Amino acid sequence: MEAIAQDTNRLYDRLAEAIQEKKDLRNPLIEVLRIAQEIFGYLPIEVQEFIAEKMDIPASKIYGVVTFYNFFSMIPRGKYTLNVCTGTACFVKGAPRLIQMLSDELGVNMGETTKDGRFTMSAVRCVGACSLAPVFVIGEDTFGRIDNKDKIKDILSRYE
Ligand code: FES
C-alpha cells in the first residue's frame, strides 16, 4: 500500500514540475492537462483539483475544459484505443454491425474500457480509408472490410 502511495506521490511531483515549467505560457492550461493525462493516463477529479490549486484556477473551469475536449478522459483509458470509424462510407457499409460485433467481443460499449484494461473503444469520423469500409483503427494500424467475428478475434489477439 505504501509503495502505491509513493508511486502516486511521484506522479504528482512530475505534474508539479510540469506546471512550474509551463505556467508562463500564454495559455498553459491545455498543455498542462495534456501532460497530466500523459502522466496519469486520465484526468480524475483529484488530479484536476491538484492542478486548480497549483495554477490558482477554479476547479470548475478545469472540469469545463476536460469535459469539453474529447481528447481528455476522466475514466482510465485502456492500453490501446480502438477507434471505430462512423463516417458516412463506413456507416453505409456496416459500421453499426461492426460496432455491435466489437462490443460483443470486448464486452464494452462505446467509450468504455475493457475489464482487463487492454482496449478503450471509441468512435471517430472518417479516417481516410473509405475504400476499406467498414474500418477500425488501433494505434497506427487500420483494419478494413471486417465482416465476421473470427477476423475480429484474430486481430484483437495480436494486441497483448
Ligand atoms: S468513412 Fe470510414 S474511412 Fe472514410
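First listed ligand is number 1; within each ligand, the first listed atom is number 1. Computed from a predicted structure; not experimentally measured.
- Remark: R26 pairs with no residue by the salt bridge (charged side-chain N to carboxylate O under 4.0 Å, His left out) rule, at least two apart or across chains.
- Annotation: protein N, O or S atoms under 2.8 Å of atom 2 (Fe) of ligand 1 (waters excluded) comprise C85 SG, C90 SG.
- E112 places a side-chain N or O within 3.5 Å of a backbone atom of N109 that can act as its donor or acceptor partner.
- Remark: side-chain polar atoms of T114 are paired, donor with acceptor, to backbone N or O of R118 under 3.5 angstrom.
- The pair E17-R14 does not meet the salt-bridge criterion, since no charged nitrogen lies less than 4.0 angstrom from a carboxylate oxygen.
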For residues 127-147, which side-chain N or O atoms pair as donor and acceptor with protein atoms under 3.5 Å away, sequence neighbours left out?
{"residue": "D141", "atom": "OD2", "partner": "Y159", "partner atom": "OH", "Å": "2.5"}
{"residue": "R145", "atom": "NH2", "partner": "S131", "partner atom": "O", "Å": "3.1"}
{"residue": "D147", "atom": "OD1", "partner": "K151", "partner atom": "NZ", "Å": "3.4"}

Compile the donor-acceptor pairs under 3.5 Å between side chains in residues 71-92 and protein atoms, sequence neighbours left out, one pair per line.
{"residue": "S73", "atom": "OG", "partner": "I75", "partner atom": "N", "Å": "3.2"}
{"residue": "S73", "atom": "OG", "partner": "I75", "partner atom": "O", "Å": "2.8"}
{"residue": "R77", "atom": "NH2", "partner": "T81", "partner atom": "OG1", "Å": "3.4"}
{"residue": "K79", "atom": "NZ", "partner": "E160", "partner atom": "O", "Å": "2.9"}
{"residue": "Y80", "atom": "OH", "partner": "E160", "partner atom": "O", "Å": "3.2"}
{"residue": "N83", "atom": "OD1", "partner": "S122", "partner atom": "OG", "Å": "2.7"}
{"residue": "T86", "atom": "OG1", "partner": "V124", "partner atom": "O", "Å": "3.2"}

